Amino acid sequence: MSDVPVPGLQYIDDSQLSWTGIAGLPHLAPPLLPDVSDELNALPVYGEDYTPVTAPYWQLEYAFTGNYVSVVGVTFPWVEGVPASAVCSVDNQFQQTYMAPQATQASVNVSYYTLTAHQLTDGQHTLHINVTLASSLNPFVLDYLVVGTDPDSTVPTSSSTSSGTGTTALQSSTASTNNTSTC
């Protein structure tokens, strides 16, 4: 990640977000398996940490202002079992399901879900992420969110959003680069 500011966007590190278990279901998630943990710890992630969700039925809600949101995570080599998945939406609209790819190499800065000014009007919104499948071997791994005013937006806005820390994409060859199912 670089520290180049992108006007209108804020980068929200996963350490600033709070996951909750869905009412009535177990709230304890198993730890990552050692091999998975070692693989993730070696990756250059934003803010030097990440949030692995290792059990289904965990959810995140994040309120933001603007016309842009992106959920960014990490993929790593798939070993076996059912890949992690999550359902993402904004304001209970624009629902998409992300399923982790059966990748052969680790990759950072993987876009799980993105809405731009083409879909989202400028204003107050709430992002919802519900993890539907996850395990110690196949976690859903969130690294950061990007929210604010779409830098490519041609839609005039009545207010401005403060700038956050920018990023540049790290290139990594994975099977996920042609994955069209995003959340």
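Given the structure is predicted, the values throughout are model-derived calculations rather than measurements.
The shortest heavy-atom contact between P151 and P7 is CB-O, 4.5 Å. Annotation for P139 and A134: closest pair CA-CB, 4.4 Å, computed over non-hydrogen atoms. Contact between N138 and S135 at its shortest, heavy atoms only, is N-OG, 2.9 Å.
For Q119, the side-chain hydrogen bond (donor to acceptor under 3.5 Å, both in side chains) partners at least two apart in sequence or on another chain are T116. Applying the side-chain hydrogen bond (donor to acceptor under 3.5 Å, both in side chains) test to E61 and every residue at least two apart in sequence or in another chain returns H128. Under the rule for a side-chain hydrogen bond (donor to acceptor under 3.5 Å, both in side chains), T121 has no partner lying at least two apart in sequence or in another chain. The ring-ring contact (aromatic ring centres under 6.0 Å, His included) check on Y62 picks up nothing, with sequence neighbours excluded. Every side-chain contact (heavy atoms from CB on, under 4.5 Å) that S85 has, sequence neighbours left out, goes to M99, T132, L133. Listed by chain and number, the residues in a side-chain hydrogen bond (donor to acceptor under 3.5 Å, both in side chains) with S15 are D13 (sequence neighbours excluded).
Rounded to the nearest 0.5 angstrom, S89 OG and N130 CG are separated by 7.0 Å. Separating the CG atom in L120 from the OH atom in Y68 is a distance of 11.5 Å, to the nearest 0.5 Å. Going from atom CG of L60 over to atom CG of L142 covers 7.0 Å, rounded to the nearest 0.5 Å.
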Test side-chain contact (heavy atoms from CB on, under 4.5 Å) on L17 and I12 and set out the steps. CA-CA 8 Å; L17 304 171; I12 313 301; 3.7 Å; yes
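Inter-residue side-chain proximity for T75 and P101 is flagged as met; some heavy-atom pair is nearer than 4.5 Å. L127 places a side-chain heavy atom less than 4.5 Å from the side chain of L145. Side-chain contact check for W19 versus I129: some heavy-atom pair is nearer than 4.5 Å.
Taking the six-membered ring for Trp and thresholds of 30 and 60 degrees, Y98 and F140 have ring planes more than 60 degrees apart, a perpendicular arrangement.
Residues Y144 and N109 bring a donor and an acceptor atom of their side chains to less than 3.5 Å of each other.
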